[in-house]
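Worksheet for the structure shown next.
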Amino acid sequence: MPELAEVDYFRKRWNPGLGETVVDVEVHPEARIFRETDPAALKRHLTGRRLLRSAAAAKQMLFESEADGWLGIHLGMTGELSLQPADYAPRRADHLVLRQSRHTLVFSDPRMFGQVRFTRGGTAPEWWTRIPPALTSDAFGLAELTAFLQQRRRAPIKAVLLMQERFPGIGNWMADEILWRAAIHPRQPAGSLSAAEQRTLHREVRWVCRRALETIGETFDDPPRSWLFPHRWRDGGVCPRTRTPLSRDTIGGRTTCWSPARQRLRR
DNA sequence: TCCTATGTTGTATG
DNA sequence: ACATACAACATAGG
């Protein structure tokens, strides 16, 4: 399930393990999860050292361990982090298990679209520092949005919002939520938005990111009924603003939900 | 059995 | 070279 706010929520689940020593590491070394990372090197470094800090950006998480070790985790489609008792028995989808005296920190991912990386260095790895600035920061201005919409002018706006190079952390449900609030049809070509729509889109990108982090990012509660989110998946869903039926179709390769009464396709 | 899934990447095509 | 579209990845659940 993880997009921006869910990722930050899962990151915090390991908070009780920060400052604590990792006494053992169990890995599924053959798991696709590790990609180009050597799980043996990861295990060798983390064992006997403390986890110090963590941070989330976009859909990525970074955990710093003592002596210049950097553990990166991406949750893919079905990944999650959990905090388990010290005597926890790992299950099939638990690909990385960090043992501490009082807790077990677990990364699980049944579909294995996620990724675990481990690197050494005095500073954070390049894949991390290359992540664009947060959409909630001042670095994401209207000018940046407008330029990108022009660059991707022929693609449907829904597909454009999913491009991580400009919208770090936005995923399928957040993109739909943003467009619903902005009253823009998901199939509208990115380059066809009016100046007013671009301003609205900029505002709603930031609003949805900020509010999602404040709610889901803290408690993992579903967003309130006033959002599109709780209505979007089930058949027969009704728009919470217009009380008219929602539509669903595949746009940009992903199932997309919108309110036809609010979001009109223009040409 | 068939369809779906809150993500990314490689490849084909224009 | 660049933009766009889509299959593929691997598994579980309805």
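Order of the sequence lines sets the chain letters (A, B, ...), proteins ahead of strands, with each chain counted from 1. Please read these numbers as outputs of a predicted model, since none were measured by experiment.
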- Message: For C:dG13, give the paired nucleotide (Watson-Crick: N1-N3 plus N6-O4 or O6-N4; G-U: N1-O2 and O6-N3; both under 3.5 Å), or none.
- Response: B:dC3

- Closest to side chain of A:Thr255, choosing from B:dA5, B:dG7, C:dT4: B:dA5

- Query: Quick one: A:Met163 CE to B:dT9 P, roughly how many Å, whole number?
  - Reply: 13 Å

- Interatomic distance where CG belongs to A:Asp109 and P belongs to B:dA5 [whole Å]: 18 Å

- Query: Is the distance from OP1 or OP2 of B:dT8 to the nearest side-chain N or O of A:Gln164 less than 4.0 Å?
  - Reply: yes

- Do the side chain of A:Arg111 and the base of B:dA5 come within less than 3.5 angstrom through a donor-acceptor pair of N or O atoms? yes

- Query: What nucleotide, of C:dT4, B:dT4, C:dC9, holds the atom closest to the side chain of A:Arg154?
  - Reply: C:dT4

- Message: Without decimals, in angstroms, what is the distance between A:Gln115 CD and C:dA10 C1'?
- Response: 16 Å

- Query: Does A:Arg35 place a side-chain N or O at less than 4.0 Å from the phosphate oxygens OP1/OP2 of B:dT9?
  - Reply: no

- Query: Taking atom types as modelled and ignoring hydrogens, do the side chains of A:Thr136 and A:Arg206 form a donor-acceptor contact shorter than 3.5 angstrom?
  - Reply: no

- A:Phe113 over B:dT8, stacked by centroid distance under 5.5 Å, angle under 30°: no

- Query: Taking atom P in both B:dT11 and C:dA10, what distance in whole Å separates the two?
  - Reply: 15 Å

- Would you call the rings of A:Phe167 and A:Phe140 parallel, tilted or perpendicular if under 30° counts as parallel and over 60° as perpendicular? perpendicular

- Message: Tell me whether A:Arg211 is salt-bridged to A:Glu177, with the criterion being a basic N under 4.0 Å from an acidic carboxylate O.
- Response: no

- Which whole number of Å gives the distance between the P atom of B:dT4 and that of C:dC6? 15 Å

- Starting from P on B:dT6, measure out to CD1 on A:Ile178 and report it in whole angstrom. 15 Å

- Task: Just call it for A:Pro156: base, sugar-phosphate, or nothing, with non-hydrogen atoms closer than 4.0 Å on any strand.
- Result: sugar-phosphate

- Message: Output the rounded distance in Å from CZ (A:Arg254) to P (C:dA7).
- Response: 14 Å

- Item | Contact nearer the 5' end of DNA chain C, comparing A:Met112 with A:Ala155 | A:Ala155

- Of the candidate nucleotides C:dA12, C:dA5, C:dA3, which contains the atom at the shortest distance from the side chain of A:Arg152? C:dA3

- Query: Taking the side chain as C-beta and beyond, is there a heavy-atom pair between A:Thr123 and A:Thr129 under 4.5 Å?
  - Reply: no

- Item | Aromatic A:Trp180 / basic A:Arg241 pairing, under 6.0 angstrom, 45° off normal | yes

- Message: Over all strands shown, is A:Arg92 touching base, sugar-phosphate only, or nothing at heavy-atom distances under 4.0 angstrom?
- Response: sugar-phosphate

- Could you work out which one of C:dA5, C:dA3, B:dG7 sits closest to the side chain of A:Gln151? C:dA3

- Pairing nucleotide - C:dT4, Watson-Crick or G-U, each distance under 3.5 Å: B:dA12

- Message: Would you measure the distance from the P atom in B:dC3 across to the matching atom in C:dA7 and give it in whole Å?
- Response: 14 Å

- Query: Which part of the nucleic acid does A:Gly171 contact within heavy-atom distance under 4.0 Å: base, sugar-phosphate only, or nothing?
  - Reply: sugar-phosphate

- Would you kindly say whether A:Ser65 and A:Arg49 are connected by a side-chain donor-acceptor distance under 3.5 Å? no

- Nucleotide C:dA7, atom C1' - distance to CE of A:Met77 in whole Å: 13 Å

- Message: Quick one about A:Trp127 and A:Gln115 (side-chain donor to acceptor, distance below 3.5 Å, no hydrogens or angles considered), yes or no?
- Response: no

- Item | Nearest-angstrom distance, C1' atom, C:dG13 to B:dT8 | 23 Å

- Message: I need the CH2-C1' distance between A:Trp233 and C:dG13, as an integer number of Å.
- Response: 15 Å

- Task: Give the rounded distance in Å between these two atoms: CZ of A:Arg232 and P of B:dT6.
- Result: 7 Å

- Task: Ignoring backbone atoms, establish whether A:His74 has a side-chain N or O less than 4.0 Å from OP1 or OP2 of B:dT8.
- Result: yes

